[in-house]
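Small disclaimer: the values here were computed from a predicted structure and weren't measured. What you see below is based on every heavy atom in this structure, not just the backbone, and it leaves out hydrogens, waters and symmetry mates.
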Amino acid sequence: RNADILLSLELIRTMASLTLGRVSSAVSRRAAARTAAGREFSTMLSISEEFPGLPSTTPTAAKASSASVTALSNGLTVVTEDASSTSTISLTYPGAGSSGESASEAGAALANKCLAFKSGSGLSSVVILRNIEDDGATPFVTAGRKGVTVGFTAAPDKAVRLVPLLATDCSFEKWDVRDAKKFAATEVGLANSDAQLTLTDQIYAAAYGAQSPMGRPYYTDGATTDSIISFRERTYTLNGAVLAATGVSDHESFVRAVEEGFSEANAEAPAEAPSSGYMGGEARLSAPSTGFAHVALAFEGPASSPLINVLKHCLALSSAEGVSAFSAPGLIGVYGGAASAGASTVADALCSAVSAAPSAAIVERAKGLAKAEALFALDGGSKSLADCMTASVLETSTFSAAGLAESYDAITAADVGAAYSAMVGSNPSFAALGDISSVPYHATIAARFS
């Protein structure tokens, strides 16, 4: 009996011990959970982070673009800005357009454009392009009557390393020259099938004379190897060129890198460009099978880019439906098109668009539109910004967004009136393309402005 009592007491102590253990464990777990919850909560919230663990919603503070300009001893002008998220580096040779060709070099400007990023300075075309592509850059080249621009767009941390590739000394390997001539012939074929490009060539032929450097077509093939080489050696020089760079945070270090990278590039004084004076006249290209007529009327334009842009918008605001205003290097005017039966009415509409001086109200509207167009171009991407920087440096030797805006604000109605009078006082240039049997001739057009 005593043994039974002792066994019962032992069972009671064991059950009590188990119960206390479970309670203790439960309390410990609840305490641990509260502690862990407190720690987890404290790490989720931070007084310095808006959303911990997520990308910042405002990674960097916005800032206005700041531009810097430096003229180097070799004649190259370097202009940079520091706010772009990508870098476009462009090198512009202002004398390497087709207006710089001599009579024996027709087509050399286009052929040399097609030689961009080809073998030179001891590097093959493959090595040059592979270096550009390995750094994720996108190369480009543009050319026309007034200069050629070669460049690339890349991440800012990759751009400086690639800069020397823009000024390689072309070695004119026979396979590169052969390919360039083929590419040029292809571009000429495409241009000849484009009515707008053909009309552009025709209006320049009418304005400057078909055999003058400005009047000859830019899209010309058949250049010889000797003329391609002589043209490049004469016009592709750093003296007078402009290097524009966007997304550059340290202007001074970039300039030092350019000086080192371009130390062996051609920097001879540019040869005097062949002269081309504005004359005014007519150019007609008949293609009756098209059943359509393209017509353009142009005049000598002012040298100031802001002023010619404002005048262009004045013409646009004064034009009837179907008539468009345009400005091009040295020229300003209007153009339009119609089926054969209405070709004569298009010519009348072009003349009406420029027949009266713009009113003060139209000038104010045109100033606002031209200024907005110029400022929007600054926000059109890094390449568009680099183009604007280059154009500003070539015209004024400096660049700033504020200065660009001020150049439009400073234009008065009197300035536009004087520019309009000078415009219509020049001999008109008239170009017609397509089925033009009913399009009037230059003498009839010129009589309206005499």
(message) If you apply the rule salt bridge (charged side-chain N to carboxylate O under 4.0 Å, His left out), what do you find for Arg234 with Glu268, and how did you get there?
(response) CA-CA 8 Å; Arg234 182 166 51 83; Glu268 295 182 1; over 6 Å; no
(request) Could you walk me through whether Lys182 and Glu187 pass the salt bridge (charged side-chain N to carboxylate O under 4.0 Å, His left out) test, one step at a time? (result) CA-CA 9 Å; Lys182 289 183 178 179; Glu187 288 200 35; over 6 Å; no
(request) For the pair Lys181 and Asp221, evaluate salt bridge (charged side-chain N to carboxylate O under 4.0 Å, His left out) and give the outcome as yes or no after the intermediate values. (result) CA-CA 7 Å; Lys181 291 179 180 180; Asp221 60 353; over 6 Å; no
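When atom types are taken as modelled, the side chain of Ser90 and the backbone of Gly151 share no donor-acceptor pair closer than 3.5 angstrom. Glu105 contributes a side-chain N or O that, together with a main-chain N or O of Ser102, makes up a donor-acceptor pair within less than 3.5 Å. Under the 3.5 Å distance criterion, the side-chain polar atoms of Asp82 are left unmatched by any main-chain donor or acceptor of Ser249. The backbone N or O of Glu252 sits less than 3.5 Å from a side-chain atom of Asp250, completing a donor-acceptor pair. A donor-acceptor pair under 3.5 Å is formed between the side chain of Ser230 and the backbone N or O of Asp226. Of the possible polar contacts, none joining the Thr149 side chain to the Thr92 backbone as a donor-acceptor pair under 3.5 Å is found. Without hydrogens or angle criteria, Ser119 side chain to Ser125 main chain gives a donor-acceptor distance under 3.5 Å. In this structure, Gln211 contributes its side chain and Arg216 its backbone to no donor-acceptor pair below 3.5 Å. Looking only at distances, a side-chain donor or acceptor of Ser227 sits under 3.5 Å from a matching main-chain atom of Thr224. In this structure a side-chain-to-backbone donor-acceptor pair under 3.5 Å is present from Thr390 to Ala386.
Between the side chains of Ser84 and Glu81, a donor-acceptor pair is found at a separation under 3.5 Å. Under 3.5 Å, the side chains of Ser68 and Thr80 contain no donor-acceptor pair of N or O atoms. Using a 3.5 Å distance cut-off with no hydrogens or angles, the side chains of Ser429 and Tyr278 do pair a donor with an acceptor.
Distance check, rounded to the nearest 0.5 Å: CD of Glu259 to OG1 of Thr70 gives 8.5 Å. Here Leu378 contributes atom CG and Phe399 contributes atom CZ; the two are 5.0 Å apart, rounded to the nearest 0.5 Å.
For Asp169, there are no side-chain hydrogen bond (donor to acceptor under 3.5 Å, both in side chains) partners two or more places apart in sequence or in a different chain. In this view, Asp387 and Lys383 satisfy the side-chain contact (heavy atoms from CB on, under 4.5 Å) rule, not counting sequence neighbours. Considering only residues two or more places apart in sequence or on other chains, Lys146 meets the side-chain contact (heavy atoms from CB on, under 4.5 Å) condition with Ser99, Met214, Pro329.
In this structure, Val363 and Lys367 have side chains that are in contact, with non-hydrogen atoms separated by less than 4.5 Å. Counting only heavy atoms from C-beta outward, the side chains of Arg365 and Ile362 never approach each other to under 4.5 Å. At least one side-chain heavy atom of Phe152 sits under 4.5 Å from a side-chain heavy atom of Leu162. Counting heavy atoms from C-beta on, the side chains of Asn239 and Leu76 never come closer than 4.5 Å.
Applying the side-chain hydrogen bond (donor to acceptor under 3.5 Å, both in side chains) test to pairs two or more places apart or on separate chains, those with a residue in residues 404-413 are Asn309-Tyr408, Lys371-Asp409, Thr412-Asp415. Residue pairs meeting the side-chain hydrogen bond (donor to acceptor under 3.5 Å, both in side chains) criterion with at least one member in residues 283-304, sequence neighbours excluded, are Glu282-Arg284. Pairs engaging residues 314-334 under the side-chain hydrogen bond (donor to acceptor under 3.5 Å, both in side chains) rule: none recorded [sequence neighbours left out].
Each of Asn112, Val150, Asn266 was evaluated against Tyr236; a single residue qualifies, Asn112, per the side chain to side chain contact (heavy atoms under 4.5 Å, CB included) test. Checked options Asp135, Val127, Asp134, Ile128; the residue passing with Asn131 is Val127 (criterion: side chain to side chain contact (heavy atoms under 4.5 Å, CB included)).
The environment of CZ in Arg178 is crowded: more than 12 heavy-atom neighbours from other residues, nucleotides or ligands sit within 6.0 Å.
For Phe299 and Phe449, the ring centers sit closer than 6.0 Å to each other.
Pairing each heavy atom of Pro139 with each of Ile132, the nearest pair is CD-CG2, 3.9 Å.
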